[in-house]
Number of protein chains: 2
Amino acid sequence: MTTEARRSQVSEGGIPNAGADVLTVPFGGAPMFTRARALRPTGKVLPEHARSHNRALVLQTLYTSGAQSRADVARQTGLTRVTISDLVAGLIAEGLVIELGQREDARPGKPATLIDVDRAAFHIVGVDLSEHQRFLGAVVDLDGGIVSRAEVALDGATGDAAVVLVADLVRRLLASTETPVLGIGVGSPGVVDPLGVVRSAPNLGWTDVDLQARLHDEFELPVHVANDANVAVLAEHGSSHQDDLLLVKVGHGVGAGLIIGGRPVIGGGFAAGEIGHVVVGTDGGPRCACGKHGCLEAWLAVPRLTAQLDALDPEAADAASAREEILAEAGRRLGIVLAPVVGALNLSEVVLSGPAELLDGALHDATVDTLRTRTMAEHNRDLRLRMTEQAEDVVLRGAAVMVLSGQLGVS
Amino acid sequence: MTTEARRSQVSEGGIPNAGADVLTVPFGGAPMFTRARALRPTGKVLPEHARSHNRALVLQTLYTSGAQSRADVARQTGLTRVTISDLVAGLIAEGLVIELGQREDARPGKPATLIDVDRAAFHIVGVDLSEHQRFLGAVVDLDGGIVSRAEVALDGATGDAAVVLVADLVRRLLASTETPVLGIGVGSPGVVDPLGVVRSAPNLGWTDVDLQARLHDEFELPVHVANDANVAVLAEHGSSHQDDLLLVKVGHGVGAGLIIGGRPVIGGGFAAGEIGHVVVGTDGGPRCACGKHGCLEAWLAVPRLTAQLDALDPEAADAASAREEILAEAGRRLGIVLAPVVGALNLSEVVLSGPAELLDGALHDATVDTLRTRTMAEHNRDLRLRMTEQAEDVVLRGAAVMVLSGQLGVS
DNA sequence: TCACGTTTGTTAGTAAAGCTTACGAACAAA
DNA sequence: TTTGTTCGTAAGCTTTACTAACAAACGTGA
């Protein structure tokens, strides 16, 4: 048998677009995308699914690129003007897109009619349950701008009382806006499953609390609930446009949110990102609330850092350098834990979220340093570690992104 | 404005199937799937893309469930009998599927015509470049069975000479089978980009070697090249049916392959899984070839372990326990590096690949122990660490899976 | 000024894909 | 023999996105 004859009858390229995978909602497929490899096919695809994907694509294009003509969208998406017109007509009928009148600038040809996502059409309610003393909430517009805020003191409330506080907060926020609300997004501490059930949140005394159902039943709006750090990384992903992203959230506890290949990582037990109680190094460390010694949280959590700093004598000659050293040590510990993760995932970007006065200085620098010396420089050359761009509002904004993404397929 | 009026005009469920994402090749979308969250839509979807997905779905169904009737496939996929008949007709015309005659068992109704993937129609050539002294190759059938083997001694060849050896090996394997070959899969050490260019493989003296093009040009068959550990984890994924999987490959070096959410992780610099040179612990360690101290590879690589074991006095009274301790220490070190990764990704399954006489005993047990004590037991309760089920042939079989997956969308 | 080219958005018709409906064939059980 | 079941196929419909063609509206250059 000649080489010629042995050649597979199957076309050289294999199945069309095999190996491509850019799916989104509910699937995807740009022929030129090459990063991911083929997967097991799961579930049929009907024409209407393709339609809803293309619809989301149009929304996404408008959302990120702003006002433009139908023809512009057609060029950008690769769909034809006819198809775009058709999809846009539907979106206008649904009130998601509006016509803005004709384009001003003078060009040859028929003047374009500008269209855009109707950014004033909806608000989103975002809730952040990650703080220790209070719940934060905000009404967020479609661009991620905070329209109004509200908060409620916890006063030690746990269990059902805490759930009631969340509902109260949401009720106040809903009352504060006249604009239709697209949905409610909640970032909760603890382990949250994909259906919005808080499996476990020790601080709040929650076990298997179906927050999604509770809020949905009361407010009859779409509700999305996820872990606070996992929510936070969505906010960062929205602005960073990086496909792989790790966000470390330092507060009363330490948690992480992870996006890989543009996709949030949930974890088999829905506990991805829970690195607070991973033991750091091989030389012991402070005793942690969980009983172990040298957990990341025992090194890095805000209460521990402030306690250490407060114990310093501010009059001492070396007060400043002692402060630096405390923060640098915490940063090194963070670097030690992150190094294997950064190495294994070949991450290109890590984001720190938390009090900038603690994180953004000696701590940050020590973490970078430790990461560089503990991983292979050659592979992680372009690793970036930076502070969040969202300041205090990462979780609130991330909750909004989660709703946006879940309801419109946009982020 | 009443709550009623404020309610979003957008349907409660958001866009159809938003939040669902089960895409495969080139996309997917089972409406009931809930794990992953919505993503940015990327790229349009045309009807023919949907078609090729459904085609792959049929192939996958037949491949994993074996011979069955068209009606069975219809029930299993959710597509109608008509559509299945149509798709199957195409697959039969392409020679990928064959009719096996009527079903034997006595049931009411018209007897079913059994169909199946024509498992004898194609062979796959798999190549494993990860060993230090020789290149391994095999002809693999569609079920992953090894049909024939070949190997070539490296004799210190590097650079282009090594590429020639790969081609020689492939040529011999191709000559050994009369069956049409679906494609060539190669697992190479080092950093390999998604186009099959070996960016860097120090052992082989390769920098930016376009192995995919070299082999494709010579043999005119589909060629897929990837990192050896990343290839190996594909083999394991094929049998384990776990959505999250980490495989640690211990040989002359130490590397890992990672599948998250059913998807191989490549990494921003295509170096995902390169954990061999991550520093372990905070107490120094043996000097590594890379210059650092205490790299995982310096603790765990096979040459280092065998050297340590060989240095033992076999006559000593405590020889056995000394041996155990050496392996246990290596296991602990592995556990220390894996703990942050397991915690951050909430992995449910970790697989060890390498010499069983070294890995499958004290080393394994120490790793499990270390993982348990260094992560949060509550979250990683059902973590499993096990030896590979594929023995020596992980890379060869994984290379076959890669071709199968890339060419047919099946795995 | 006016013909010409360009750009936009729409209309009309076509091709592809999967659906529903309907039917003949083949079998088991009554 | 009758009845009910199952299989695979044929015909026609619906959805979707495409191509082709066109009118409207604009700048440009002779």
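Reckoned from all heavy atoms, side chains included, excluding hydrogens, waters and symmetry mates. Proteins come first, then strands; the chains are lettered A, B, ... in the order of their sequence lines, and each starts at number 1. Every value quoted in this text rests on a predicted model; they were computed, and no experiment measured them.
The distance from atom CG of B:Asp86 to atom C1' of C:dA17 is 8 Å, rounded to the nearest whole Å.
Heavy atoms of A:Arg103 sit nowhere under 4.0 angstrom from any nucleic acid atom. Looking at heavy-atom distances under 4.0 Å, B:Arg70 makes contact with sugar-phosphate atoms alone, never a base.
Listed nucleotides: C:dC19, C:dT8, D:dG8. Nearest to the side chain of B:Val82: C:dC19. For B:Ser69, taking side-chain heavy atoms from C-beta onward, the closest of the listed nucleotides C:dT8, D:dC7, C:dA26 is D:dC7. Each of D:dT16, C:dC27, D:dA11 was ranked by its minimum atom distance to the side chain of A:Pro47; first place goes to D:dT16. Comparing C:dT10, C:dT8, C:dA26 by their closest approach to the side chain of B:Lys110 singles out C:dA26.
A:Arg51 has a carboxylate O that lies under 4.0 Å from a charged side-chain N of A:Asp86, or vice versa, which qualifies the two as a salt bridge. Using a 4.0 Å cut-off between charged side-chain N and carboxylate O, B:Arg263 and B:Asp244 make no salt bridge.
The side chain to side chain contact (heavy atoms under 4.5 Å, CB included) with A:Leu96 is formed by just one residue from the set A:Leu408, A:Leu62, A:Val117, A:Val410; it is A:Leu408.
Using a distance-only test at 3.5 Å, with no hydrogens or angles considered, a donor-acceptor pair links the side chain of B:Asp193 to the main chain of B:Leu195.
Place A:Glu99 and B:Leu79 on DNA chain C by their nearest nucleotides, and A:Glu99 ends up nearer the 5' end. Each of A:Thr83 and A:Gln102 was matched to the nucleotide of DNA chain D holding its nearest heavy atom; the match closer to the 5' end belongs to A:Thr83. Place B:Ala71 and A:Arg81 on DNA chain D by their nearest nucleotides, and B:Ala71 ends up nearer the 5' end.
Here B:Thr113 reaches the OP1 or OP2 of D:dG8: one of its side-chain N or O atoms lies under 4.0 Å away. Side-chain nitrogen and oxygen atoms of A:Arg55 include none within less than 4.0 Å of the OP1 or OP2 phosphate oxygen of D:dT15. Between D:dT9 and B:Ser85, a contact under 4.0 Å exists linking OP1 or OP2 to a side-chain N or O. Between B:Arg51 and C:dG18 there is a side-chain N or O to OP1 or OP2 distance below 4.0 Å. Taking side-chain N and O atoms only, B:Asn54 has no distance below 4.0 Å to OP1 or OP2 of C:dA17.
The shortest non-hydrogen separation linking A:Arg70 to A:Ile92 is NH2-CD1, 3.8 Å.
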